[in-house]
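Everything on this sheet refers to the single structure shown next.
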Amino acid sequence: MSFFGKMFGGKKEVAPTTGEAIQKLRETENMLIKKQEFLESKIEEELNTARKNASKNKRVALQALKKKKRLEKQLQQIDGTLSTIEMQREALESANTNTAVLTTMKNAADALKHAHQHMDVDKVHDMMDDIAEQQDVAKEISDAISNPVAFGADLDDEDLERELDELEQENFDKEIIGIPEPTPTLPEAPSEDLPEKAKEKKKAPPATTAALADDDDPDVKQLLQWAN
């Protein structure tokens, strides 16, 4: 926009976004860095020229040194400009980050507001009270179901304890009375004959032979004689 346009209220320019401004600053920064490198190389060339002509041609050497001074001044200005651009770019990047964060937070706040749009705090408290009341009712129902009111409620614990003591006493009496008395165990008789009886058995004639010897039958006697 021209100067007169600004003075007399011409059409206003649209401000660039932070992203566009950051991009422009980066491009300018790169351009200045390249110019800085170019000036540094030119300064080195002029310094070499002054060295070569210091003793041969002083006029050329002085011109080279003057040019070197001008280039150094330009380089110093570019250094200051780069510092300013760098700080401005960092400020814009920080602002861009803050803008993105604030936009995200606003979207989250709008979403939360929309979620709570159909909710009322009083209704929520009433609902929570209803839930707590129903939980109490459910607990009472569970306690009532688990309580054995109709099963064994008429039984007396003292009667049961008394009956249990009688059973224990009965079992104790049975154990005391039913213990068998120890019976003395006699030694077993030896299965083999004693030596004296064995000798007597050997000396004693067989019962059949003695019976036959007492018989008066002549045939029996003859048979015994033949056997002996």
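Because the structure is predicted, anything quoted here is derived from the model rather than measured. Count residues from 1 along the sequence.
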Exercise. I would like to know whether Gln169 and Asp173 meet side-chain hydrogen bond (donor to acceptor under 3.5 Å, both in side chains); could you show each step before the answer?
Key: CA-CA 6 Å; Gln169 185 63 36; Asp173 295 340; 3.1 Å; yes
Could you pull out every donor-acceptor pair under 3.5 Å between side chains of residues 17-33 and any protein atom, sequence neighbours left out?
from, atom 1, to, atom 2, distance (Å)
Thr17, OG1, Glu20, N, 3.3
Thr18, OG1, Asn96, OD1, 3.1
Glu20, OE1, Thr17, N, 3.4
Arg26, NH2, Glu93, OE2, 2.8
Thr28, OG1, Lys24, O, 3.0
Glu29, OE1, Arg89, NE, 2.9
Asn30, ND2, Arg26, O, 3.2

Quiz item: Judged by modelled atom types alone, do Glu175 and Asn171 share a side-chain donor-acceptor pair under 3.5 Å?
Solution: no
Exercise. Working to the nearest 0.5 Å, report the span between OG1 of Thr49 and CG of Asn57.
Key: 11.0 Å
Exercise. Please round to the nearest 0.5 Å and tell me the distance separating atom CD of Glu133 and atom CG of Asp136.
Key: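 It is 7.5 Å, given to the nearest 0.5 Å.
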Quiz prompt | Contacts of type side-chain contact (heavy atoms from CB on, under 4.5 Å), residue Leu167, not counting sequence neighbours | solution =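 Once residues adjacent in sequence are excluded, the partners of Leu167 under the side-chain contact (heavy atoms from CB on, under 4.5 Å) criterion are Glu170.
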Considering only distance and modelled atom types, tabulate donor-acceptor pairs under 3.5 Å from the side chains of residues 101-115, sequence neighbours left out.
from, atom 1, to, atom 2, distance (Å)
Thr103, OG1, Thr99, O, 2.7
Thr104, OG1, Ala100, O, 2.9
Lys106, NZ, Asp110, OD2, 3.1
Asn107, ND2, Thr103, O, 3.2
His114, ND1, Gln117, OE1, 3.2

Identify every side-chain donor-acceptor pair in residues 58-68 under 3.5 Å, counting partners at least two apart or on other chains, and give the distances.
from, atom 1, to, atom 2, distance (Å)
Lys68, NZ, Glu72, OE2, 2.9

Return a table of donor-acceptor pairs under 3.5 angstrom between the side chains of residues 119-127 and protein atoms on other chains or two or more places apart.
from, atom 1, to, atom 2, distance (Å)
Asp120, OD2, Asp122, N, 3.0
Asp120, OD2, Lys123, N, 3.3

Using distance only, find each side-chain donor-acceptor pair of residues 35-47 under 3.5 Å and give its atom names and separation, not counting sequence neighbours.
from, atom 1, to, atom 2, distance (Å)
Gln36, NE2, Asp79, OD1, 2.1
Ser41, OG, Phe38, O, 2.6

Quiz item: Would you say the side chain of Lys69 lies within less than 4.5 Å of the side chain of Lys73, judging by non-hydrogen atoms?
Solution: no
Quiz item: Does a sphere of radius 6.0 Å around CD in Glu168 hold more than 12 heavy atoms from other residues, nucleotides or ligands, not counting ones at 6.0 Å or beyond?
Solution: yes
